[in-house]
Amino acid sequence: MCGIVGLMANQAVNQALYDALTVLQHRGQDAAGMMTWHDGRFLLRKSNGLVRDVFHSRHMTRLKGNLGIGHIRYPTAGSSSEAESQPFYVNSPYGLTLAHNGNLTNSEQLKQELYSTDLRHINTSSDSEVLLNVFAHELGKQGHTLEPEDIFDAVRRVHRRCQGGYAAVAIINGFGLVAFRDPHGIRPVVFGTRETEGSQDVMIASESVALDVGGFELARDLAPGEAIFVDMQGQIHTQSCADRPVLSPCIFEHVYLARPDSILDGAYVYGTRMQMGRKLGDRILKEWPEHDIDVVIPIPDTSRTSALELAQHLGVTFREGFMKNRYIGRTFIMPGQTQRKKSVRQKLNAIDIEFAGKNVLLVDDSIVRGTTCKQIIQMAREAGANKVYFASAAPPVRYPNVYGIDMPVASELIAHGRSEAEVGELIGADRIFYQDIDDLKAACREVNPQIEQFDCSVFDGQYITGDIDDSYLAVLEAARNDAAKDLSAGDHALVGMHNQDDELD
Ligand SMILES: O=P(O)(O)OC[C@H]1O[C@H](OP(=O)(O)OP(=O)(O)O)[C@H](O)[C@@H]1O
Ligand SMILES: NC(=O)CC[C@H](N)C(=O)O
Ligand SMILES: [Mg+2]
């Protein structure tokens with residue numbers, strides 16, 4: 001779940017891309033990058049860090065042009081080194097740059113094909129560099145002139161070759177801005193326009209909040225398998241490029257990943273989270289009609305929307321019992337377990353008077369590794385709570401994710417191979433409540449009934465692309481468990497086009 005953005009405008013795009021990346025920051029905190037196009041040349045700045053740390057005014061001044069793409073990264077493949085930050089670039093055909101959200105599940109096989117058949121070299125362990133090269137190879141088959149049809153044909157062949165989750169934006173030097181979404185629509189991507197004098201600017205982004213901040217009106221989501229091409233005159237062309245597209249968006253976007261003020265596939269995330277709160281309330285009332293909960297307390301930030309609705313549904317007081325340090329990022333998407341563990345205490349602090357002598361129901365959006373809830377329950381007890389109950393607005397997370405969320409190892413998931421009650425015991429809760437999976441799907445569908453199915457693989461182990469088996473998961477686990485990631489910090493040397501770094505100032 002990285003964040004991507006692309007912009008074709010009638011004025012310089014650097015500031016608008018920066019603003020869009022800033023509001024997409026919740027999708028990745030490891031690296032950020034921007035590539036603009038000016039006068040037939042690409043200009044790049046990318047590095048590890050948050051948006052505000054990566055782009056200084058000296059970089060912004062250099063990122064000239066009315067066309068550009070941007071990326072914020074949360075690594076799910078390869079290492080977290082600067083060399084694997086995005087956008088990526090290849091010079092042939094035409095000159096191409098691409099930014100990707102998601103994860104390819106056949107990138108190893110593609111990498112071999114690219115080398116032996118397409119005669120292309122991949123210089124990092126990033127699947128996004130693979131995706132760019134597959135697109136480049138397919139685009140290169142089209143000949144000298146490039147009509148929208150040719151671009152769509154190339155995307156069609158990308159869909160035939162690539163498996164997994166991918167939403168991508170790209171610039172083709174001299175031709176325009178392109179974006180495409182995988183045939184299951186696993187990762188989100190929307191586009192919208194902003195009227196300018198006699199013309200329009202077009203923005204493509206992971207979430208609609210990026211459009212809001214730039215004053216763009218949301219047109220719609222890209223359909224699964226669809227591609228959009230914005231030519232140099234700002235004209236929009238779209239086409240479905242998949243043989244059998246089936247919308248199956250990742251339900252975890254609604255649980256945790258996306259911002260609540262985003263609209264994804266026609267569903268307000270705020271609305272789906274409220275419904276999750278109601279459904280969870282129903283379950284608690286059904287399982288425990290005589291409950292003795294005195295107060296409902298959310299674990300900020302993401303669970304707030306569901307927790308408030310849950311409290312109202314139960315008819316129990318809602319109180320903010322934990323204060324969040326606004327300068328600490330999201331802990332779940334931090335790269336290592338040591339850092340995640342340490343950050344919970346730095347991030348959240350209890351307000352004793354909300355706990356003293358009370359039976360509290362703590363609500364979180366999800367329990368993944370159990371890092372947060374274990375510490376929070378302990379903090380609630382230290383603050384004097386009588387009983388500590390715990391509710392998760394999502395079902396137990398039991399299976400790895402392979403489509404762009406860094407949860408590659410089953411054994412690192414606290415609910416893997418455990419019953420709900422066993423998790424409750426392990427985290428030290430007096431009682432635990434999980435959302436039912438059908439209720440979670442219903443919560444999202446009630447907001448947009450047109451979404452017929454979701455990718456719920458982290459909850460049910462059913463992988464929508466049909467290519468994931470135990471041996472795939474075993475290889476993934478060996479490569480991406482926490483210890484292995486520590487060892488592969490990665491090589492920072494960038495090969496390719498000039499990336500402005502601080503030493504050159
Ligand atoms: O069981 P765990 O492995 O701890 O993961 C789950 C927790 O991590 C996330 O919070 P995070 O701090 O990332 O972000 P938030 O501030 O948006 O809630 C999520 O909202 C849960 O609180
Ligand atoms: N979270 C993502 O979307 C990651 C994109 C890509 N797989 C990377 O690791 O850079
Ligand atoms: Mg949280």
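As a basis for the values below, the full set of heavy atoms in this structure was taken, side chains included, without hydrogen atoms, waters or symmetry mates. We count ligands from 1, going down the list as the structure has it; atoms in each ligand are counted the same way.
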Residues in side chain to side chain contact (heavy atoms under 4.5 Å, CB included) with Ile328, at least two apart?
Asn325, Met334, Ser343, Gln346, Lys347

Side-chain donor-acceptor contact under 3.5 Å, Gln109 with Glu113
yes

Would Gly370 count as a polar contact of ligand 1, with the cut-off being nitrogen or oxygen pairs under 3.5 Å?
yes

Atom indices of ligand 1, in the order listed, that fall short of 4.0 Å to a heavy atom of Thr371
1 (O), 2 (P), 3 (O), 4 (O)

Tell me the protein heavy atom at minimum distance from atom 6 (C) of ligand 1, and give that distance in Å.
Ser366 O, 3.6 Å

Where is the nearest protein heavy atom to atom 7 (C) of ligand 1: which residue, which atom, and how far?
Thr372 OG1, 3.5 Å

Among all protein heavy atoms, pick the one closest to atom 3 (O) of ligand 1 and tell me residue, atom and distance.
Arg369 N, 2.8 Å

Any carboxylate oxygen within less than 4.0 angstrom of a Lys/Arg side-chain nitrogen, looking at Arg398 and Glu412?
no

Can you tell me how the ring of His416 sits relative to the ring of Tyr399, calling it parallel under 30°, perpendicular over 60° and tilted otherwise?
perpendicular

Numbered in order shown, the ligand 1 atoms found under 4.0 Å of a heavy atom of Lys347 are 11 (P), 12 (O), 14 (O), 15 (P), 16 (O)

I'd like to check which ligand 1 atoms, numbered from 1 as shown, lie under 4.0 Å from a non-hydrogen atom of Thr331.
11 (P), 12 (O), 13 (O)

Would you sort out whether His159 and Tyr166 count as a ring pair (Phe, Tyr, Trp, His ring centres under 6.0 Å), showing the intermediate values?
CA-CA 10 Å; His159 289 328; Tyr166 49 94; 5.8 Å; yes

Using a 4.0 Å cut-off on heavy atoms, what residues surround ligand 2? Order them by chain and number.
Met1, Cys2, Arg73, Tyr74, Pro75, Thr76, Ala77, Gln86, His100, Asn101, Gly102, Asn103, Asp127, Ser128, Gly404

Under 4.0 Å to a heavy atom of Asp364 - the qualifying atoms of ligand 1, by number:
20 (O), 21 (C), 22 (O)

Would you say Ile299 touches ligand 1, if touching means a heavy atom closer than 4.0 Å?
no

Distance to 0.1 Å, residue and atom name: give those for the protein heavy atom nearest to atom 17 (O) of ligand 1.
Thr302 OG1, 2.5 Å

Taking atom types as modelled and ignoring hydrogens, do the side chains of Thr105 and Tyr403 form a donor-acceptor contact shorter than 3.5 angstrom?
no

Are side-chain N/O atoms of Arg27 and Asn101 paired as donor and acceptor at under 3.5 Å?
yes

Protein heavy atom at shortest distance from atom 8 (O) of ligand 1
Phe332 CB, 3.3 Å

Which label fits Phe180 and Phe135: parallel for a plane angle under 30°, tilted from 30 to 60°, or perpendicular past 60°?
tilted

Which of the numbered atoms in ligand 1 are below 4.0 angstrom from a heavy atom of Ile367?
1 (O)

Check: Leu473 and Tyr463 side chains under 4.5 Å, non-hydrogen atoms
yes

Could you list the residues that satisfy salt bridge (charged side-chain N to carboxylate O under 4.0 Å, His left out) with Arg160, not counting sequence neighbours?
Asp243

Quick one: nearest non-hydrogen protein atom to atom 13 (O) of ligand 1, plus distance?
Tyr256 OH, 2.6 Å

Within the structure, is a non-hydrogen atom of Cys373 found at a distance of less than 4.0 Å from ligand 1?
no

Do Ser248 and His184 have a side chain donor and acceptor closer than 3.5 Å?
no

For the pair Arg120 and Glu129, find out whether any cationic side-chain nitrogen is under 4.0 Å from an anionic carboxylate oxygen.
no

Among protein heavy atoms, which sits nearest to atom 20 (O) of ligand 1, and what does the distance come to when rounded to 0.1 Å?
Asp365 OD1, 2.5 Å

Just jot down the salt bridge (charged side-chain N to carboxylate O under 4.0 Å, His left out) partners of Arg381, sequence neighbours excluded, or say none.
Asp430

